[in-house]
Amino acid sequence: MEQRTRTYLKGRFGDHYRQASVTPPPAANEREWGYIPWTEGPGETMIRHESLLDLGDIEGFLGRDRPRHVYFSAGRYDDPGASQMSEKGWRSSDLVFDLDADHLPSVTLGEDSYAEMLAKCQDALRRLLDFLEDDFGFEDLTIVFSGGRGYHVHVRDEGIQTLERNARREIVDYVRGIGLEFDELVSAEAVAGTAGRSSPAQKRLLDTSGGWSARAHRQLLSLFDDLLAMDEDDAVARLREYDRIGEGKAKAALTAARTNYDELEAGNIDVHPAVFQIAKLVVHEAVAADNAPIDEPVTTDTNRLIRLPGSLHGGSGLAVRRIERDELGDFDPLVDAVPETFRGHEITVEVTDGGLVELDGDSFTLEEREVTVPEAVGVFLMARGRAEKSQE
């Protein structure tokens with residue numbers, strides 16, 4: 001990044017911060033703060049181990065120093081400004097989840113556009129929220145668009161604050177479906193009319209009310225719904241793709257699902273041994289479809305620094321934006337995270353890496369030359385290293 005570009009971005013970030021209202025996190029004075037300035041050179045140097053006392057009030061610091069990136073710690077400390085972690089005196093930590101589009105199995109790097117990557121990341125976010133709200137019952141959640149490639153979720157329920165790394169890793173494993181055992185998802189129920197027998201008959205069930213059991217059941221039922229809508233030969237061929245499912249078992253499973261659909265819908269996977277066998281195999285598909293591919297080190301690290309909501313992302317010029325839960329369905333990061341400061345103006349930049357740019361409800365296919373574009377687009381290109389500021 002050339003000095004002219006760096007100076008322009010720093011100045012415009014400062015203009016934004018002087019107008020913006022940035023709300024600090026709870027217990028802001030107990031947290032460590034860090035930031036990356038607009039320094040020269042290819043790398044970025046983090047300044048950290050700062051306390052709020054060191055920085056002053058947040059809005060004053062942002063308007064004065066105009067940093068490229070701003071972070072605060074998930075952890076709360078006795079002395080957040082101490083230069084060594086061992087000297088800070090850890091008290092507690094929020095539970096933080098990070099979803100990064102670059103790390104999603106559904107994203108194809110080099111093929112998916114930035115907008116497509118963020119849309120897939122928002123789908124993963126919804127799955128994560130399903131775990132946090134329904135499976136764990138967390139209530140104090142803050143949802144944040146990172147300003148870059150994904151989303152953060154901050155959990156501040158009192159019950160998780162003092163969890164150490166191993167306990168946090170268990171939450172990670174559950175959300176990602178790691179180590180999930182089929183037998184743990186299945187319960188047994190005595191079959192009606194067998195009371196009094198020395199060994200009453202039982203049927204095995206997948207709980208349809210919630211948790212991974214319900215996810216596995218939804219995947220199984222969806223499979224059989226598709227199969228029963230197919231031609232018989234096609235349905236048999238589809239089932240034979242599963243390990244150790246031959247033609248006989250496939251036909252028996254289809255017949256059992258067709259004649260006992262209500263039971264299957266209610267969670268009974270003992271309508272036929274072949275159905276039970278298929279259910280065991282479908283669990284792996286449920287994990288692949290429904291897990292939330294979060295960045296494990298972020299969640300397990302009680303000292304992690306995370307982006308400050310309300311700040312600007314120095315790699316995109318977009319706002320790190322809090323999202324209300326009921327706004328998520330309508331949230332478009334490439335529109336709703338565009339700062340008002342960068343709207344209503346045009347600037348001239350020298351494009352060094354052309355191609356598609358989708359921003360603020362419009363799309364641009366840019367060649368590698370000098371162009372005049374809306375300022376938000378120019379800031380985005382310069383922040384991402386795809387353009388330099390033209391000389392006035």
Side-chain angles (χ1 to χ4, degrees), residues 95-135 141-155 171-178 180 212 214-216 218-219 222-223 226 282-299 306-307 309 313 315-338 353 355-365 376-377 380-381 383-386:
L95 189 63
V96 179
F97 296 87
D98 178 24
L99 288 163
D100 188 332
D102 283 8
H103 300 158
L104 299 182
S106 60
V107 167
T108 304
L109 297 177
E111 293 185 14
D112 289 336
S113 70
Y114 186 42
E116 289 169 336
M117 292 168 65
L118 289 177
K120 291 178 179 180
C121 201
Q122 195 172 110
D123 288 340
L125 172 64
R126 291 191 179 93
R127 297 199 301 273
L128 173 61
L129 292 173
D130 182 58
F131 284 109
L132 300 181
E133 295 172 333
D134 296 342
D135 293 38
L141 305 181
T142 299
I143 305 166
V144 179
F145 170 58
S146 72
R149 298 171 301 192
Y151 294 87
H152 302 152
V153 180
H154 304 248
V155 180
I171 294 174
V172 169
D173 289 349
Y174 182 88
V175 165
R176 295 179 62 189
I178 295 173
L180 193 66
W212 271 113
R215 293 180 181 88
R218 285 197 299 269
Q219 192 74 21
S222 176
L223 170 65
D226 291 344
V282 164
V283 166
H284 302 292
E285 295 178 359
V287 170
D290 291 334
N291 86 92
I294 58 174
D295 188 350
E296 177 183 348
V298 173
T299 303
I306 199 77
R307 290 187 183 276
H313 191 298
S316 69
L318 297 174
V320 182
R321 166 92 189 272
R322 285 188 183 90
I323 310 165
E324 296 298 326
R325 184 67 174 90
D326 58 3
E327 292 179 354
L328 183 58
D330 296 324
F331 180 75
D332 181 346
L334 298 184
V335 175
D336 298 322
V338 174
D353 181 8
L356 177 68
V357 178
E358 298 169 279
L359 198 68
D360 211 11
D362 208 344
S363 62
F364 307 81
T365 301
V377 174
F380 178 82
L381 288 167
R384 291 181 71 82
R386 295 179 58 185

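Note that the numbering runs from 1 along the sequence shown for the chain.
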Within the side chain of [X], is there an N or O that forms a donor-acceptor pair under 3.5 Å with the backbone of [Y]?
X	Y	answer
Ser146	Gly150	yes
Glu358	Glu116	no
Thr365	Gly355	no
Arg176	Asn291	no

Apply salt bridge (charged side-chain N to carboxylate O under 4.0 Å, His left out) to residues Asp123 and Lys120 and explain how you reach the verdict. CA-CA 5 Å; Asp123 288 340; Lys120 291 178 179 180; over 6 Å; no

Could you list the residues that satisfy ring-ring contact (aromatic ring centres under 6.0 Å, His included) with Phe380, not counting sequence neighbours? Tyr114

Measure the acute angle between the ring planes of Trp212 and Phe131, then classify it against the limits of 30° and 60° as parallel, tilted or perpendicular. tilted

Does any non-hydrogen side-chain atom of [Y] lie less than 4.5 Å from one of [X]?
X	Y	answer
Gln219	Ser222	no
His103	Arg149	no
Arg386	Val357	yes
Phe145	Ile323	yes
Asp295	Leu99	no
Asp98	Val96	no
Ile171	Phe97	yes
Pro333	Leu318	no

At their closest point, which heavy atom of Pro309 faces which heavy atom of Val144, and how far apart are they? CG-CG2, 3.8 Å

Ala124 and Pro293 have their tightest heavy-atom pair at CB-CD, 4.1 Å

To the nearest 0.5 Å, what is the distance between [atom1] ([X]) and [atom2] ([Y])?
X	Y	atom1	atom2	value
Ile143	His152	CD1	NE2	13.0 Å
Leu328	Arg126	CG	CZ	5.0 Å
Cys121	Leu128	SG	CG	10.0 Å
Met117	Leu109	CE	CG	5.5 Å
Arg322	Thr142	CZ	OG1	6.5 Å
Leu125	Leu118	CG	CG	11.5 Å

Does a salt bridge link [X] with [Y], judged by any charged N lying under 4.0 Å from a carboxylate O?
X	Y	result
Arg321	Glu327	yes
Arg215	Asp135	yes
Arg127	Asp130	no

Could you work out, with salt bridge (Lys or Arg N to Asp or Glu O under 4.0 Å) as the rule, every residue matching Asp360, not counting sequence neighbours? Arg343

Restricting to salt bridge (Lys or Arg N to Asp or Glu O under 4.0 Å), what partner residues turn up for Asp226, sequence neighbours left out? none

Using side-chain contact (heavy atoms from CB on, under 4.5 Å), reason through Phe364 and Asp362 one step at a time and then give a plain yes or no. CA-CA 7 Å; Phe364 307 81; Asp362 208 344; 3.8 Å; yes

